[in-house]
Asks: 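Take a look at the following structure, please.
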Amino acid sequence: MQRLADDRVQAECRYLLWLKWHLHMGYQEVSYNELLQHVSAEKMDLLNELFTLVASQSYGEIDLWLERCERELPIIEDRWVEENRSLEF
């Protein structure tokens with residue numbers, strides 16, 4: 001999720017986090033249509049690939065998908081927050 005969720009794009013980040021909760025908690029937080037509406041096409045392609053792997057129970061392929069995401073998608077850091085952390089009270 002760190003590699004997909006970009007907190008600079010609040011709606012996309014929110015729906016991706018809801019998807020994470022949906023997958024981890026076993027109850028519905030976000031619908032597929034909401035993801036389509038709020039998540040970029042590039043990230044939806046990645047998610048659709050993951051959903052296909054999950055549905056086919058291709059666990060080895062899921063591991064490869066995760067490794068590819070780790071290689072290709074940087075963790076997005078908000079430098080302004082880091083630079084201004086010392087301003088917090």
Side-chain angles (χ1 to χ4, degrees):
M1 200 51 61
Q2 290 174 318
R3 297 178 189 278
L4 289 174
D6 179 351
D7 64 358
R8 297 171 296 179
V9 184
Q10 286 293 303
E12 181 178 87
C13 185
R14 181 178 311 113
Y15 282 87
L16 287 168
L17 287 173
W18 285 343
L19 172 63
K20 178 183 176 180
W21 297 331
H22 175 92
L23 295 173
H24 285 266
M25 302 298 188
Y27 55 87
Q28 185 171 342
E29 283 287 340
V30 63
S31 72
Y32 186 77
N33 286 335
E34 289 172 320
L35 289 172
L36 285 173
Q37 183 179 358
H38 295 283
V39 175
S40 71
E42 177 185 345
K43 291 177 185 174
M44 279 307 302
D45 289 344
L46 287 169
L47 291 175
N48 283 325
E49 185 179 339
L50 176 62
F51 297 152
T52 300
L53 294 172
V54 169
S56 65
Q57 297 181 343
S58 301
Y59 301 114
E61 294 293 320
I62 292 170
D63 290 339
L64 293 174
W65 181 91
L66 289 168
E67 290 172 12
R68 192 178 85 229
C69 286
E70 287 176 357
R71 274 193 323 272
E72 297 175 5
L73 300 172
I75 293 176
I76 299 163
E77 297 177 18
D78 188 335
R79 291 191 178 129
W80 186 90
V81 170
E82 291 300 319
E83 291 170 1
N84 293 288
R85 229 171 256 271
S86 63
L87 299 177
E88 294 178 5
F89 295 93

Asks: Group every Ile, Leu, Val, Met, Phe, Trp and Tyr by side-chain heavy-atom contacts under 4.5 Å, then state whether V9 and L35 land in the same group.
Replies: no

Asks: Examine distances only and state if a side-chain atom of W65 and a backbone atom of L46 form a donor-acceptor pair shorter than 3.5 Å.
Replies: yes

Asks: To the nearest 0.5 Å, how far apart are CG in N33 and NE2 in H38?
Replies: 10.5 Å

Asks: Quick one, F51 and L47 - any side-chain contact, counting heavy atoms below 4.5 Å?
Replies: yes

Asks: Show every salt bridge (Lys or Arg N to Asp or Glu O under 4.0 Å) that has at least one partner inside residues 36-45, sequence neighbours left out.
Replies: E12-K43

Asks: Given side chains that start at C-beta, do those of L53 and L64 come closer than 4.5 Å, heavy atoms only?
Replies: no

Asks: Do W21 and V30 make a side-chain contact, defined as non-hydrogen atoms from C-beta onward lying under 4.5 Å apart?
Replies: no

Asks: Does a side-chain heavy-atom distance below 4.5 Å link N48 with Y32?
Replies: yes

Asks: For R14, enumerate each residue passing the salt bridge (charged side-chain N to carboxylate O under 4.0 Å, His left out) test, keeping only those at least two apart in sequence or located in another chain.
Replies: none

Asks: To the closest 0.5 Å, what do you measure between OG (S31) and CH2 (W18)?
Replies: 10.0 Å

Asks: Using every non-hydrogen atom in the two residues, find where L36 and M44 come nearest and quote the distance to one decimal.
Replies: CD2-CE, 3.8 Å

